[in-house]
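Computed from a prediction, not measured in an experiment: that's the story for all the values here. Each chain gets a letter, A, B and so on, in the order the sequences are listed, and its residues count up from 1.
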4 protein chains.
Amino acid sequence: MNKVILAGRLTRDPEVRYTQSGKAVASFTLAVDRRFGRRNAEANGQPTADFIPIVVWERLAEVCGNNLIKGSQVLVEGRMQVRSYDAQDGSKRYVTEVVANEVEFMGSRPQREGGAPMPQGGYQQSAAPQQQAPQANNSFGPSIPDEEIPF
Amino acid sequence: MNKVILAGRLTRDPEVRYTQSGKAVASFTLAVDRRFGRRNAEANGQPTADFIPIVVWERLAEVCGNNLIKGSQVLVEGRMQVRSYDAQDGSKRYVTEVVANEVEFMGSRPQREGGAPMPQGGYQQSAAPQQQAPQANNSFGPSIPDEEIPF
Amino acid sequence: MNKVILAGRLTRDPEVRYTQSGKAVASFTLAVDRRFGRRNAEANGQPTADFIPIVVWERLAEVCGNNLIKGSQVLVEGRMQVRSYDAQDGSKRYVTEVVANEVEFMGSRPQREGGAPMPQGGYQQSAAPQQQAPQANNSFGPSIPDEEIPF
Amino acid sequence: MNKVILAGRLTRDPEVRYTQSGKAVASFTLAVDRRFGRRNAEANGQPTADFIPIVVWERLAEVCGNNLIKGSQVLVEGRMQVRSYDAQDGSKRYVTEVVANEVEFMGSRPQREGGAPMPQGGYQQSAAPQQQAPQANNSFGPSIPDEEIPF
DNA sequence: TTTT
DNA sequence: TTTT
């Protein structure tokens with residue numbers, strides 16, 4: 001069990017890259033507000049949010065690339081992952097990321113600077129992982145008619 | 001471990017009652033969309049949402065009563081609970097509810113019919129459980145200054 | 001967002017059935033302890049656990065049927081779902097279930113009465129949803145070698 | 001919303017320290033298995049687990065210190081938190097931790113080397129956050145008798 | 001009995 | 001109808 005659920009806003013547009021074998025990978029950082037501290041914290045010089053790196057793969061990566069921008073408010077579900085790499089000074093460094101398997105749009109849509117709002121309305125462009133997680137709606141849903149339920 | 005996280009909209013204004021000892025209890029129903037089914041499901045006569053009863057206690061109950069209305073979009077965290085009661089015909093019935101310990105406002109604020117929008121803006125009226133869950137921000141937050149952290 | 005995580009023990013062996021189209025469906029009830037109430041609650045005649053119906057589909061259903069028995073301790077991840085049906089007296093009744101998309105074995109293995117322990121040891125029989133949720137391990141895991149990661 | 005749920009084993013005994021004002025802080029690392037990769041991953045030189053730093057405060061910290069040891073299997077609920085500090089070379093480094101507000105014992109109890117098993121049986125020593133999270137059982141539980149429920 |  |  002390694003489960004993470006975060007609600008927050010992108011600090012920048014997502015960056016989409018491709019592996020050598022052609023898999024899409026999107027990455028962005030989520031600003032997740034620490035609830036109660038905000039005002040006092042600002043006064044205290046304390047952090048008011050956690051900035052958490054998110055990684056998304058394959059089709060969902062492309063959907064994020066096409067639909068999210070800096071400021072977009074999202075709900076992310078995934079798992080924590082710790083990668084290590086060797087720094088230039090020879091020491092080992094650790095990076096903690098959340099690998100998302102679900103990204104839901106929430107709330108208000110940010111405008112592109114000087115531009116039109118993002119086309120986030122319809123299901124077609126939804127970042128919800130359609131083929132990646134068909135099981136999310138596999139029962140009593142459209143794919144299994146009532147007559148099929150054996151109890 | 002008994003953990004539930006739901007995002008949805010209230011189907012009606014919350015109802016606030018009081019126990020004999022004066023504890024506030026709010027109850028409402030959350031409509032939680034089933035993601036992928038919506039369009040097809042409607043055509044198929046399948047349900048497009050789950051309607052889930054939520055129960056909230058004490059101060060958070062009052063905050064919900066003062067800030068949420070039919071249509072409000074919220075994020076709820078709590079636990080599943082099954083109560084039983086005896087029906088008039090002598091049989092035992094079971095009711096499943098989610099007892100919320102956290103309720104966060106999300107997205108757009110519904111308007112009162114023919115009225116002004118709800119005053120959901122500020123932190124003062126937030127439904128976030130302030131004194132109920134102080135531990136949610138108990139570390140590295142305002143209550144524990146940096147000099148206090150022993151590592 | 002409709003997410004549930006429960007830890008508990010099966011109150012009976014799982015029941016596996018098949019839809020008309022041949023999909024497997026397992027169902028069982030999880031006893032989920034209410035943490036702090038146990039002793040006092042027993043003395044008070046209060047419930048000490050919630051009994052929550054779980055539904056599992058397809059391959060994971062079969063794995064549950066083959067590996068879980070009454071008393072098995074599991075960690076379940078899924079979503080809440082409310083079904084309605086018409087009672088004999090013409091009234092509408094509601095049933096709340098958790099549709100599991102992940103079932104992890106935990107802790108001690110119960111013995112079959114008068115028999116050998118269940119063969120829950122190996123990965124082969126694991127109830128973890130292998131093909132249902134390949135994305136759960138799709139990054140930095142075996143399927144994507146390090147050389148593939150573009151950052 | 002910033003929610004994390006992890007199941008894993010402690011890589012070492014927890015370390016308990018105290019802030020200047022006397023608050024207890026426990027820290028330990030959880031090894032959380034990546035489910036499907038284990039065997040292949042080992043063969044591939046890939047990581048088979050994520051090693052995630054956990055921080056626990058106040059009474060729960062002390063309970064962890066008294067009850068958990070290297071190898072203990074636990075279920076942790078908390079939130080992700082990113083701290084920054086200035087490295088000796090002047091660069092800024094980031095540390096991601098999970099601040100736990102609930103720690104449940106699971107499964108088998110490790111033995112102290114050459115010693116007796118830890119006394120993890122009873123409620124008295126439970127790591128469940130008793131006073132920290134009284135709301136977790138605040139409804140329909142011992143603290144609110146049936147006669148009090150107004151519906 | 002249901003929300004958008 | 002319930003598990004340990």
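When the P atom of E:dT3 is taken as reference, atom CD of B:Gln73 falls 15 Å away, rounded to whole Å. Here the P atom of nucleotide E:dT3 and the NZ atom of B:Lys70 are 5 Å apart, to the nearest Å. Taking atom CZ on B:Arg12 and atom C1' on E:dT4, their separation rounds to 17 Å, with Å as the unit. Counting to the nearest Å, the P atom of E:dT2 and the CG atom of B:Leu30 are 16 Å from each other. Atom CE of B:Met106 is separated from atom P of E:dT3 by 18 Å (rounded to the nearest Å). Note: CG (B:Leu68) to C1' (E:dT3) measures 13 Å, nearest angstrom. Distance CZ (B:Phe105) to P (E:dT3): 20 Å, rounded to an integer number of Å. Following rounding to the nearest Å, B:Met1 (CE) and F:dT3 (P) show an atom-to-atom distance of 23 Å.
Other residues, nucleotides and ligands contribute only 12 or fewer heavy atoms inside 6.0 Å of the CZ atom of C:Arg12.
With F:dT2, F:dT3, E:dT3 as the choices, the nucleotide that has an atom nearest any side-chain atom of C:Thr29 turns out to be F:dT2. The C:Arg9 side chain lies nearest to F:dT4 when the options are E:dT4, F:dT1, F:dT4. The listed nucleotides are F:dT2, F:dT3, E:dT1; the one nearest the side chain of C:Tyr94 is E:dT1. Here the nucleotide nearest the side chain of B:Lys92, chosen from F:dT3, E:dT3, F:dT1, is F:dT1.
Under the 4.5 Å side-chain criterion, counting only non-hydrogen atoms from C-beta, B:Arg79 is not in contact with B:Glu97.
Residues passing the side chain to side chain donor-acceptor pair (under 3.5 Å) test with B:Asn2, sequence neighbours excluded: none. For B:Glu62, there are no salt bridge (charged side-chain N to carboxylate O under 4.0 Å, His left out) partners two or more places apart in sequence or in a different chain.
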